[in-house]
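Structure record follows, encoded as C-alpha cells.
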Protein chains: 2
Amino acid sequence: MGPMYSITDLAREFKVTTRTIRYYGDKNLLSPKREGQRRIYGPRDHVRLRLIMRGKRLGFSIEEIQGLINLYDVDATESSQLNKFLEMIRQRQQALRQQQTDISETLSELDKREGECMALLGNTIDSGRRK
Amino acid sequence: MGPMYSITDLAREFKVTTRTIRYYGDKNLLSPKREGQRRIYGPRDHVRLRLIMRGKRLGFSIEEIQGLINLYDVDATESSQLNKFLEMIRQRQQALRQQQTDISETLSELDKREGECMALLGNTIDSGRRK
DNA sequence: CAAAAAGCTAACGTTCACGTAAAGGAAGGT
DNA sequence: ACCTTCCTTTACGTGAACGTTAGCTTTTTG
C-alpha cells in the first residue's frame with residue numbers, strides 16, 4: 001500500500017521543520033491519516049510536498065501553490081468549468097515564461113560580473129568542476 | 001542631465017503604490033534627490049526600480065535584491081574581497097539555475113494539462129494568437 | 001482664489017509563513 | 001521506575017513588505 005512516513009521522516013527529507021509540515025496540513029496541502037493522534041503520511045503527501053517545495057523555490061505563496069496543485073488534481077478539474085481552468089493554466093504559463101526571461105537576463109549579467117571578477121583576480125576561466 | 005521622475009510617475013510606470021516607492025527609499029534601494037520636500041528620481045533610480053521589480057518576480061526578498069544590485073555596483077566591489085564576491089555570484093547563479101529547471105518542469109506539466117483540457121473541449125490546438 | 005490633486009512625515013495595522021514556548025501523552029530503552 | 005525520544009495541541013510571537021489613517025503643506029487647475 002505504498003510507503004508511509006512519519007512527520008520527522010518528511011521533515012528530514014525535505015529539510016524543513018515539523019512545524020512547517022503541520023502548517024501545510026492545516027492549510028490542507030497535506031492530508032495525513034491518523035494512527036491514534038499521530039500523523040501518517042503516504043505517497044500522495046510525499047509527492048505534494050515535493051510540489052510545494054518547488055513552488056516555494058519559484059516564489060509562489062501557499063495559496064498559489066494550492067492553485068497549482070489543484071491544476072494537477074483530476075478531481076478538482078471535473079467539477080470545475082474547463083474554460084476557467086484553461087485560463088488559469090495560461091496565466092500560470094505566462095508568469096513562468098516571464099520568470100524564465102528574468103532569470104536568463106539576470107544570469108547573463110551575473111556571468112558578465114563573474115568574468116570581470118575573474119579577470120581582476122588574474123585567474124583563468126575554469127568554468128566547470130570545483131573542488 | 002537625464003530624465004527626472006516624480007514619485008507618481010514611477011508608481012504609474014511600474015504599477016506600484018507611492019508607499020512602495022517610499023518604502024524602497026527607506027531601505028536605501030532608491031536615493032532620490034529632494035526639491036524642497038519632494039522626491040525627485042533620476043535615471044539611476046529608474047534602472048534600480050526595474051531591477052527591484054525583476055527581483056520580486058523572481059521571489060527574492062528586498063534584502064536579497066539589495067545584494068543583487070550591489071553585485072552590479074562597482075563601488076561596492078572594489079572595497080570588498082573579490083573572492084567572497086565571486087562566491088556570492090555563484091550562489092545566486094546556482095539558485096537561478098535551480099529555478100530554471102523548476103520552471104521548465106512546471107511548464108511541461110502545465111502543457112500536458114492544457115493538452116488534456118483542450119482535448120476534452122474538442123478544440124484544435126491553435127498555440128498562438130488569442131483574440 | 002478656492003478647491004482638488006499631489007506630496008510629505010509619523011505611526012499604527014495587516015497578512016503570510018512559519019518560530020517558539022508551554023504542557024502533556026505514549027512508546028522504547030536501561 | 002525513570003529517562004529520552006517522538007509526537008500532540010494550543011497559543012502567543014515575529015519579520016517582511018507594505019496598507020492605511022491622520023494631519024499638514026504645496027502645487028495645479030477650473
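All chains are named by letter (A, B, ...) in the order of the sequence lines, taking the proteins before the strands, and each is independently numbered beginning at 1.
- Of all nucleotides listed (C/dC16, D/dC18, C/dA26), D/dC18 comes nearest to the side chain of B/K56.
- Atom CG in B/N28 sits roughly 14 Å away from atom P in D/dA17 (whole-Å rounding).
- At least one test fails for A/R12 against the ring of A/Y5: distance under 6.0 Å to the centre or angle within 45° of the axis.
- Atom CD of A/Q66 and atom C1' of C/dA17 are 14 Å apart (whole Å).
- Of the residues near DNA chain C, A/T17 and B/Y41, the one whose nearest nucleotide (by heavy atom distance) lies more toward the 5' end is B/Y41.
- The side chain of A/R19 lies closest to C/dC18, out of C/dC18, D/dT8, C/dC8.
- For B/R12 and C/dG7, the CZ to C1' distance is 13 Å, given to the nearest whole Å.
- Closest contact between the side chain of A/Y24 and the listed nucleotides D/dT9, C/dC18, D/dC18 involves C/dC18.
- No cation-pi contact links A/R48 to A/Y41, judged by a cut-off of 6.0 Å to the six-membered ring centre and 45° from its axis.
- Between B/Y23 and A/T8, the one whose closest nucleotide on DNA chain D sits nearer the 5' end is A/T8.
- Set against D/dT9, C/dC16, C/dC8, the side chain of B/Q37 has C/dC8 as its closest nucleotide.
- Going from atom CD1 of A/I65 over to atom C1' of C/dC18 covers 13 Å, rounded to whole Å.
- Rounded to whole angstrom, the span from the CD atom of B/E64 across to the P atom of D/dA16 amounts to 11 Å.
- Shown here for B/L49 and B/L30, the closest heavy-atom pair between the two residues is N-CD2, 4.2 Å.
- Between B/R39 and B/I21, every side-chain heavy-atom pair lies at or beyond the 4.5 Å cut-off.
- Of all nucleotides listed (D/dG19, D/dC18, D/dT9), D/dT9 comes nearest to the side chain of A/R39.
- Atom CD of A/E35 is separated from atom P of D/dC7 by 12 Å (rounded to the nearest Å).
- If you take CG of A/D9 and P of D/dT5, they are 17 Å apart, rounded to a whole angstrom.
- By the 4.0 Å N-to-carboxylate-O rule, A/E116 lies close enough to A/R113 to be salt-bridged with it.
- Here C/dG25 is the nucleotide among C/dG25, D/dA16, C/dT9 with the atom lying nearest to any side-chain atom of A/R38.
- Proximity of B/T18 to the phosphate of C/dG7: no side-chain N or O atom is located under 4.0 Å from OP1 or OP2.
- Here the P atom of nucleotide C/dT15 and the CG atom of A/D26 are 18 Å apart, to the nearest Å.
- If you find the closest nucleotide of DNA chain D to B/K27 and to A/I7, the one lying nearer the 5' end belongs to A/I7.
- Comparing C/dC18, C/dT9, C/dC16 against the side chain of A/T20 picks out C/dC18 as the nearest.
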